[in-house]
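Okay, handing you the structure first.
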Amino acid sequence: MRDTAARILAVLTGLFVLYTSAFGPFESLVQRAVFLALVITLGLLLYPLGKDTRFRVPGMVFDLGAAIVAWIACGYIVLHYDEIMNSLPWATGYDLAMTIGLVVVVLEVGRRVVGVIFPALVVVGLAYALFGHLIPGVLGHRQFDAYFVTETLFLGDLGIWGSLTSVAATVIAAFVLFGAFLLNTGGGQTFMDLAMRLGGKSPGGAAKMATIASGLFGMVSGSAVANVATTGNFTIPLMKRLNYPAPFAAAVEAVASTGGQLAPPIMGAAAFVMAEILGISYVDVMVAAVLPALFFYLSVFMTVHVVSVRRNMRIVDESEIPSWATIVKWRRVLPIVAALGGLFFGIFAGRSVQTAAFYGIAGLFVAYLAVSLGQIPLKRMGHQLVASLDDAGRGLVIIGVLLAGAQILVAMINLTGIGVTLSSLIVAIAGNSMVLIALIVGVICLIIGMGLPTTAAYVLVAAVLAPALTSVGVEPLAAHMFVFYFATISVITPPVCVAVFVAAGIAQTNWLPAAREAVRLGAMTYVVPFLLLLYPGMIGNGGAMAVVDAVMTGLVLTIAIPCLLGRMPLFGQRVLDIAIYLLVIALAFVPIVGLPIVAAGVFAAAFFAGGQKAKAMAGTSSAAVALSRAKTGEVRP
C-alpha cells in the first residue's frame, strides 16, 4: 500500500510541476509551500522510519504525525501568504511551534535521504544563531531570540521559503521533469548506443564509451551519484567483462558521471541555484560552463586513452556496437531533437527557464507521439509517460528537502553575518594573495563537500567562501564557478567520495584503489577551477584574445597532464620527458597574453619530434589532433 501511495503522490508531484511550468507558478509562497509539503510527504513514504524492523509500527505513527505537521505548517503559509508578505507579522507561540515542527520534519527527511552530516550542519547553524552571542571575540554576534528567528525562518521569504526553495519548486523541478521524460521515452538508450559507437572501437573502448555515456546522461540528470547508479550498471560490467581492472572501471564511471553536473545544457541543480544567487540568467551560467566542461571531458578521455594504450586494454567487440543507421533512425532522433529544440527556443525567445523546459517537454511529447503511434502499444506509451512523472517526483524529494534545509542554513548565515566574518579571516590569513586565498578556499570546499550532495555543498561554500574571492577582485561568476567545481569534485575526492563508493559497489571492488584511480583520471578537474581565476576567457570574458588564450591553455593542459601522469614517452628518456611536460604545464599556467600559444607550440614540437611509440599513441587520440590544429593556428574548442 505504501508503494502505491508513493507512486500516486510522485505522479501528482510531477503533474504539479508540469502544470506550473506550463501556466506559470502560483504566488511565490504558495508555490513553495505546496511543493515542500508534497516532497516531504513523498520522502516520508519512500524512506519510512523503522522499515523492516520491529519499530515499524511506531515509525508509521511518527511518519503520519510528521506529514500532518508539514501540511499544517505549509497550509498555514498558503492561507496567510498575503498577510505574511504585506504586513510582516510578529511571531506567536503557534508560529514558533509550527516552525519547530516543520524544521524538525525537514531535517529528519533530509537525514533519511542523504545521511546525518547535512542536517547536523543545519542544526549547528540554528544553534549558532540562538546562542552565538555567548561566544567572545569576532565569532560572536548580537543576540536573537527564538521569536525573531521564527519570523526570519517562517514568516517571510528569507528563511524556509527563500530563493533556494523557490528555485527548487520552479526551475529545477521543471528540468528534472524534462530529463525524466527524455530518458524514459528512449533518449537514454540512444545516448548509450551513441557512446558505444563513438568510443567502443578504439583502445580502452569500453572506458571511453562509459565516459561519453555518463557525460550525455549527466547533462540531463545533473546528479553524479544517480548517474553512476544508472549508467554504471551497464558500463562497469562491460569493462570488467573485457578484463579491465575493477578499480579502474569504477573510477572511470565515477569521474565521468561527476562531470555531468558541470556540462551544459542541463547542469546539476547547483547551477540553477548559482544563477539565482548571482541574479543572472541561467544562459550566462551555461555559457561560462562550456569551456571548463569541454576540458574536463577531454582530459578524462585523454587519460583513459593513455592508460588504455599502456595497459593494452581491449576494444568493444564489433558485434556489440550498434550501427550508425540504427542510432540515427529518425524515429529515435526526432524526439531528442524536438525536446532540445523546444528548450532552446524557449530560452532564446526570452521565456522563463521553467517555461522553456515546458516547451522542451511539449516538443518531446508531440514528437514521441508522432513516431510511436502505430509502432508502440498505447498502453506501453502511457506507462512510459506515467513512469516519467513518477521518476521526476521521486527525484525531487532529495532536491526539495536539501534546498529547504540549505535555505535554513543560509538564512542563519546571513542573519548572524558569520559568512562575512569567515571570509575576512581567510583574507587576513592569506594576506590578500589571490592564489593563496584560492588554495585555502579550494581545500575548505573539498572538506565541506565530503559527504554532502553537490547542491548542498555549493550553497554552503558559496555563502561562506565565495566572498573571500570576490573581496580580492575576482569576478563574482568566476568565484562562484570556482567553489562550484570544488564542491562538485568532492564526490570523487577521498576519503569521503560518494560517487566512488557507489561505483566501487557496482564493480565489487575496494573503494580505496578506485579512489586513487579516480583522482588520477580527474586530475585536470582540480586544475580547471584555478584556470577560471587566471584566464577570464574561460568563462567568455576579456575579449577574443582572452578566449583564445583560455582555449590554448585548456588544450595544452588536457593533454600534458594526462600524458605526464600516464607516463607517455616523448623521447624515451624519463627525466627529459618529465622536464618537458612540466615546462609546458608551467608555461600554460602563466596568464600572459600569447604565452599559452607558445606553450602549445613547444609541446607540439616535442610531441611530434619524439619516438615512433609516442607518435603511434598520438595517432588515435582526438585530443592530439586538436593540439596539432592548435599549432597551425586552427582553434576548435
Decide if the gap between the ring center of Phe530 and the ring center of Phe482 is smaller than 6.0 angstrom.
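Yes, close enough.
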side-chain hydrogen bond (donor to acceptor under 3.5 Å, both in side chains) assessment of Tyr297 paired with Thr558:
CA-CA 9 Å; Tyr297 276 106; Thr558 54; over 6 Å; no
Working to the nearest 0.5 Å, report the span between CG of Leu38 and OG1 of Thr41.
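The distance works out to 6.5 Å.
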Working for side chain to side chain contact (heavy atoms under 4.5 Å, CB included), residues Thr185 and Leu364
CA-CA 9 Å; Thr185 54; Leu364 171 64; 3.7 Å; yes
Just wondering, do Pro596 and Val556 contact through their side chains at under 4.5 Å, heavy atoms?
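Contact flag for Val556/Pro596 side chains = no.
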Are the side chains of Val386 and His383 in touch, meaning some heavy atoms are under 4.5 Å apart?
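Side-chain contact under 4.5 Å: no.
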To the nearest 0.5 Å, tell me how far Thr190 OG1 sits from Arg331 CZ.
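That separation rounds to 13.5 Å.
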Take a 6.0 Å sphere around CG of Leu378 and say whether it holds more than 12 heavy atoms from other residues, nucleotides or ligands.
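Open: at most 12 neighbouring heavy atoms sit under 6.0 Å from CG of Leu378.
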With heavy-atom distances below 4.5 Å as the criterion, would you say the side chains of Met381 and Leu373 are in contact?
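Yes. Closest side-chain heavy atoms under 4.5 Å.
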Shortest non-hydrogen contact between Val252 and Ala210, atoms and distance:
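Residues Val252 and Ala210, closest heavy atoms: CG1-CB, 4.0 Å.
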Would you check, one step at a time, whether the test side chain to side chain contact (heavy atoms under 4.5 Å, CB included) holds for Arg332 with Asp193?
CA-CA 11 Å; Arg332 299 186 68 177; Asp193 290 348; 2.8 Å; yes
Under 3.5 Å, side chain of Thr13 to main-chain N/O of Leu9, donor-acceptor pair present?
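A pair under 3.5 Å: yes.
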Greater than 12 external heavy atoms within 6.0 Å of Phe344's CZ
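Yes, because the 6.0 Å sphere around CZ of Phe344 holds more than 12 heavy atoms from other groups.
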Distance alone, cut at 3.5 Å: any donor-acceptor contact between the side chains of Tyr458 and Thr488?
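Absent: no donor and acceptor within the cut-off.
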Give every residue pair that meets the side-chain hydrogen bond (donor to acceptor under 3.5 Å, both in side chains) criterion with at least one member in residues 265-291, sequence neighbours excluded.
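As it turns out, there is no side-chain hydrogen bond (donor to acceptor under 3.5 Å, both in side chains) pair with a partner in residues 265-291 once direct neighbours are skipped.
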Ser257 (side chain) donor-acceptor with Ala254 (main chain) under 3.5 angstrom:
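Flag not set: sc Ser257 to bb Ala254 has no pair under 3.5 Å.
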Report yes if the side chains of Val273 and Leu403 come closer than 4.5 Å at any heavy-atom pair, otherwise no.
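The answer is yes, as the side chains (C-beta and beyond) meet within the 4.5 Å cut-off.
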Over all atoms of both residues, closest heavy-atom pair of Ile236 and Ala250:
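Looking at all heavy atoms of both residues, the shortest contact is CD1-CA, 4.2 Å.
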Any side-chain heavy atom of Phe35 within less than 4.5 Å of one from Leu396?
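Yes. Closest side-chain heavy atoms under 4.5 Å.
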Thr355 side chain to Arg351 backbone, donor-acceptor under 3.5 Å:
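Not at all, since once roles are kept as given, no pair shorter than 3.5 Å links the two residues.
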Trace of the salt bridge (charged side-chain N to carboxylate O under 4.0 Å, His left out) decision for Arg394 with Asp390:
CA-CA 6 Å; Arg394 292 169 187 263; Asp390 184 23; 2.7 Å; yes
What closest approach, in Å, do Ile492 and Ala499 show between heavy atoms, and which atom pair accounts for it?
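Looking at all heavy atoms of both residues, the shortest contact is CG2-CB, 4.3 Å.
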Would you name the heavy atoms of Gly522 and Val255 that are closest together and state the gap between them?
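Reported closest heavy-atom pair: CA-CG1, 4.1 Å.
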Of the non-hydrogen atoms in Ala367 and Ala338, which two are nearest, and what is the gap between them?
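Nearest heavy atoms, Ala367 then Ala338: CB-CB, 3.6 Å.
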Lys329 vs Val333, side chain to side chain contact (heavy atoms under 4.5 Å, CB included): CA-CA, chis, key distance, verdict
CA-CA 6 Å; Lys329 280 183 178 178; Val333 174; over 6 Å; no
Exercise: identify the closest heavy-atom pair between Gly346 and Tyr359
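What the structure gives for the nearest pair is CA-CD1, 3.5 Å.
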Qualifying residues under side chain to side chain contact (heavy atoms under 4.5 Å, CB included), relative to Tyr19, sequence neighbours excluded
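In terms of side chain to side chain contact (heavy atoms under 4.5 Å, CB included), with neighbours along the sequence ignored, Tyr19 is linked to Phe23, Phe26.
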In terms of side-chain heavy atoms, does Thr326 have a donor or acceptor partner in Ser323 at a distance below 3.5 Å?
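Judged by distance alone, the side chains do pair up.
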Point-to-point distance, once rounded to the nearest 0.5 Å, from CG of Leu343 to CD1 of Ile361
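With rounding to 0.5 Å, CG (Leu343) is 9.5 Å from CD1 (Ile361).
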Between Phe175 and Phe272, is the ring centre distance below 6.0 Å?
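So the answer is yes for these two rings.
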Check: Leu36 and Arg32 side chains under 4.5 Å, non-hydrogen atoms:
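No, too far: nothing below the 4.5 Å cut-off.
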Is a side-chain donor or acceptor of Gln407 paired with a backbone partner of Leu164 at a separation under 3.5 angstrom?
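Checking the backbone N and O of Leu164 against the side chain of Gln407, a donor-acceptor pair under 3.5 Å is found.
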Keeping Lys208 on the side-chain end and His305 on the backbone end, is there a donor-acceptor pair under 3.5 Å?
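Checking the backbone N and O of His305 against the side chain of Lys208, no donor-acceptor pair under 3.5 Å is found.
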Rounded to the nearest 0.5 Å, how far does OG of Ser308 lie from CZ of Phe248?
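Interatomic distance, Phe248 CZ to Ser308 OG, rounded to 0.5 Å: 4.5 Å.
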Beyond-backbone contact of Phe486 with Val461, side-chain heavy atoms, under 4.5 angstrom:
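With C-beta onward as the side chain, the pair stays apart.
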Looking just at side-chain N and O atoms, do Glu253 and Thr235 make a donor-acceptor pair shorter than 3.5 Å?
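Per modelled atom types, Glu253 and Thr235 side chains form a pair under 3.5 Å.
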Whether the side chain of Glu475 engages the backbone of Ala478 through a donor-acceptor N/O pair (distance < 3.5 Å, no angle test) should be reported.
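Checking the backbone N and O of Ala478 against the side chain of Glu475, a donor-acceptor pair under 3.5 Å is found.
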Ion pair present between Asp3 and Arg7, side-chain N to carboxylate O less than 4.0 angstrom?
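Here Asp3 does not pair with Arg7 in a salt bridge, since their nearest N and O are not under 4.0 Å apart.
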Under 3.5 Å donor-acceptor, Asn184 side chain and Ala180 backbone
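Between the backbone of Ala180 and the side chain of Asn184 there is a qualifying donor-acceptor contact (under 3.5 Å).
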Test item: Pro529 and Met481 side chains (from C-beta on) under 4.5 Å apart, heavy atoms
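A side-chain contact under 4.5 Å is absent here.
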Report yes or no: does Gln354 contribute a side-chain atom to a donor-acceptor pair with the main-chain N or O of Thr20 at less than 3.5 Å?
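Answer holds: no.
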Among Leu557, Val300, Thr303, Val304, the one residue meeting side chain to side chain contact (heavy atoms under 4.5 Å, CB included) with Pro562:
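Result: among Leu557, Val300, Thr303, Val304, Thr303 is the only option passing the side chain to side chain contact (heavy atoms under 4.5 Å, CB included) with Pro562.
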Drop me the distance from Thr258's OG1 to Ile489's CD1, to the nearest 0.5 angstrom.
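Atom-to-atom, Thr258:OG1 and Ile489:CD1 are 9.0 Å apart.
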Given Met274 and Phe484, is the side chain to side chain contact (heavy atoms under 4.5 Å, CB included) satisfied, shown in steps?
CA-CA 8 Å; Met274 185 191 303; Phe484 172 47; 3.6 Å; yes
To the nearest 0.5 Å, what is the distance between CG on Leu389 and CD1 on Ile8?
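If we round to the nearest 0.5 Å, Leu389:CG and Ile8:CD1 are 13.0 Å apart.
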